[in-house]
Amino acid sequence: MNGRPVLRAPTQDGAVVAQPPLEEVGASLAVNRQRLASIGADERARARREVVEAARCYLAARGEPLPVDRPGALLLAGHQPELFHPGVWAKNFALAGLARRHSATALNLLVDNDTLKSASLRLPAPPDAEVRSPHLMSVPFDQRAGEVPWEERGVVDPELFASFAARAGAVLRPWGYSPLLGPFWEDVLRQQGPTIGERFAGARRALERAWGCHNLELPLSAVCRTEAFANFACALLAEARRFHAVYNACVRAYRSRHRVRSRNHPVPDLAEDDGWLELPFWGWRSGQQRRGRLFVRPGPAQIELRAGGDVWPALPRSAARTCPWRELEGRGLKVRSRALTTTLFARLFLGDLFVHGIGGGKYDELTDDLMRGFYEVEPPEIVVLSATRWLPLPAAPVGDEDRRRLARLLRDLRYNPQRYLPPDAGLEELKRDREALLASEPTGAAKRERFRALRALAERLRGPLVGREEEVRRELDEVEHQLAGNAVLRRRDYAFCLYPEESLRRFCARFL
């Protein structure tokens, strides 16, 4: 059984979940230094130097200032370059704070090999003529274009993109607060990156620097072009059959351990097809709209490759760890890690500590199994961090306990009306009949007769309480209506740019 505690996203405003607590990260770094020693200090040092230098070049090429260079450990986090919620953003600020405390380098990975699944943001819309309670409204920032990898996804409709802040602002305006969306979107539009993700990330980094958070950042697509990653990937190709078997054994053990029946959770098994073995990488030709699963077919002299049904040039087996792999990108053939291979490479060969959100922390239990099964090492520890920040919206002062209380009362009025009758109801004889029936001990068919008699008595006793029942039912309906509105107002997953700047800045600064 995996030793990690069960973590859940915090639900209350301002609440934080951190495992281990951030002040104990020094102990995790010490443990990880010991556990990673068997990987090879020289190999890890080369990988770190290469990726850190690539991150510095990436920021410099965009005209952005570079953070202070620290010689210590390398701390990592990562997320898609989307407009995520403050609980995700907290990782970036925590990364910066931990780097200062431990004289380390902080590097955030932009997971741009994942796909942009929706070109819109969900906003809380106030009640209107059609919907009498707060409700979600989806406002597009671009035209839909399918699930395209972030690194390929440019703006499709510049006019729609440019008008997003005005359209979203009109939805939020009745709430009476000023989101940072307006100035943030102006910066998004000033960004020169060719993709939507780079525009979002560039504007976000500018905010972070203004708020005291300054990390290195690098797209995962750039990581996948490094020599260090090529060595990692080609080592898996060279032992494709063993890795394939270990991977599937780990996935099945996970399902058994957690009593998961779905064959797609947490990930599907790697497929095998006529000697072709699926490996956990994506592959596609530059400019394509869809990714394909990478398959390899090892032979005595070469390793055949294909992405989905698209056959690629084979790699010579004797040179699979060197030049030919990196030449694929020059031919317009892109290979990108999937979630498990991303954290496998980052945690074992690149960083000294990885900061995950709750979802990633749960998912990475499977990465731990892979490290033990394939590399035969004890996994380095991770930090799991998440937090909740609510928008400043006027939620009703009701909770689930109010709903449960009223539902219990309504049921009791129906089945135990005698408890609520006024003293002058004049139904004492019916009460005595009910008590006598309850005191009896019938058997067989008589039990059913007693049940029917009790129901009939309850109906007669309820007569004076009809008005009270209707009143409680109306109160329950109103509470359920208010709770439905609160579910919209108290969501934790609204994009950070929808929040007012001052309160969000204070929230994020606590992690520095």
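Atoms considered below: every heavy atom in the structure, side chains included; atoms not considered: hydrogens, waters and symmetry mates.
- Applying the side-chain hydrogen bond (donor to acceptor under 3.5 Å, both in side chains) test to S503 and every residue at least two apart in sequence or in another chain returns nothing.
- In this structure, the side chains of E82 and V88 stay at 4.5 Å or more apart for every pair of heavy atoms.
- Legend: residues meeting salt bridge (charged side-chain N to carboxylate O under 4.0 Å, His left out) with R153, ordered by chain and number and at least two apart, are D142.
- Within the structure, side chain to side chain donor-acceptor pair (under 3.5 Å) contacts touching residues 301-316 (residues at least two apart or in different chains) are D273-R306, R285-D310, R297-E304, D310-W312.
- Partners of F200 by ring pair (Phe, Tyr, Trp, His ring centres under 6.0 Å), not counting sequence neighbours, listed by chain and number: F141, W185.
- Among residue pairs with one or both ends in residues 41-79, those qualifying as ring pair (Phe, Tyr, Trp, His ring centres under 6.0 Å) are H79-F84; sequence neighbours excluded.
- Take F295 and apply the ring pair (Phe, Tyr, Trp, His ring centres under 6.0 Å) test, not counting sequence neighbours, and it matches no residue.
- E278 meets the salt bridge (charged side-chain N to carboxylate O under 4.0 Å, His left out) test with R293, R338; sequence neighbours excluded.
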Show me, pair by pair, the donor-acceptor contacts under 3.5 angstrom made by side chains of residues 260-268, not counting sequence neighbours?
{"from": "S262", "atom 1": "OG", "to": "N264", "atom 2": "N", "distance (Å)": "3.1"}

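- Scored by the ring pair (Phe, Tyr, Trp, His ring centres under 6.0 Å) test, Y375 finds F349 as partners (sequence neighbours excluded).
- Partners of R56 according to the salt bridge (charged side-chain N to carboxylate O under 4.0 Å, His left out) rule, which considers only residues two or more places apart in sequence or in another chain, do not exist here.
- Remark: R336 engages E151, E329 in a salt bridge (charged side-chain N to carboxylate O under 4.0 Å, His left out) (not counting sequence neighbours).
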Return a table of donor-acceptor pairs under 3.5 angstrom between the side chains of residues 202-211 and protein atoms on other chains or two or more places apart.
{"from": "R204", "atom 1": "NH1", "to": "E208", "atom 2": "OE1", "distance (Å)": "3.4"}
{"from": "R204", "atom 1": "NH1", "to": "E208", "atom 2": "OE2", "distance (Å)": "2.9"}
{"from": "R204", "atom 1": "NH1", "to": "E217", "atom 2": "OE1", "distance (Å)": "3.3"}
{"from": "R204", "atom 1": "NH2", "to": "E217", "atom 2": "OE1", "distance (Å)": "3.3"}
{"from": "R204", "atom 1": "NH2", "to": "E217", "atom 2": "OE2", "distance (Å)": "2.7"}
{"from": "R205", "atom 1": "NE", "to": "E64", "atom 2": "OE1", "distance (Å)": "2.9"}
{"from": "R205", "atom 1": "NE", "to": "E64", "atom 2": "OE2", "distance (Å)": "3.3"}
{"from": "R205", "atom 1": "NH1", "to": "E217", "atom 2": "OE2", "distance (Å)": "2.7"}
{"from": "R205", "atom 1": "NH2", "to": "E64", "atom 2": "OE2", "distance (Å)": "2.8"}
{"from": "E208", "atom 1": "OE2", "to": "W89", "atom 2": "NE1", "distance (Å)": "2.7"}
{"from": "E208", "atom 1": "OE2", "to": "N92", "atom 2": "ND2", "distance (Å)": "2.9"}
{"from": "R209", "atom 1": "NH1", "to": "E64", "atom 2": "OE1", "distance (Å)": "2.9"}

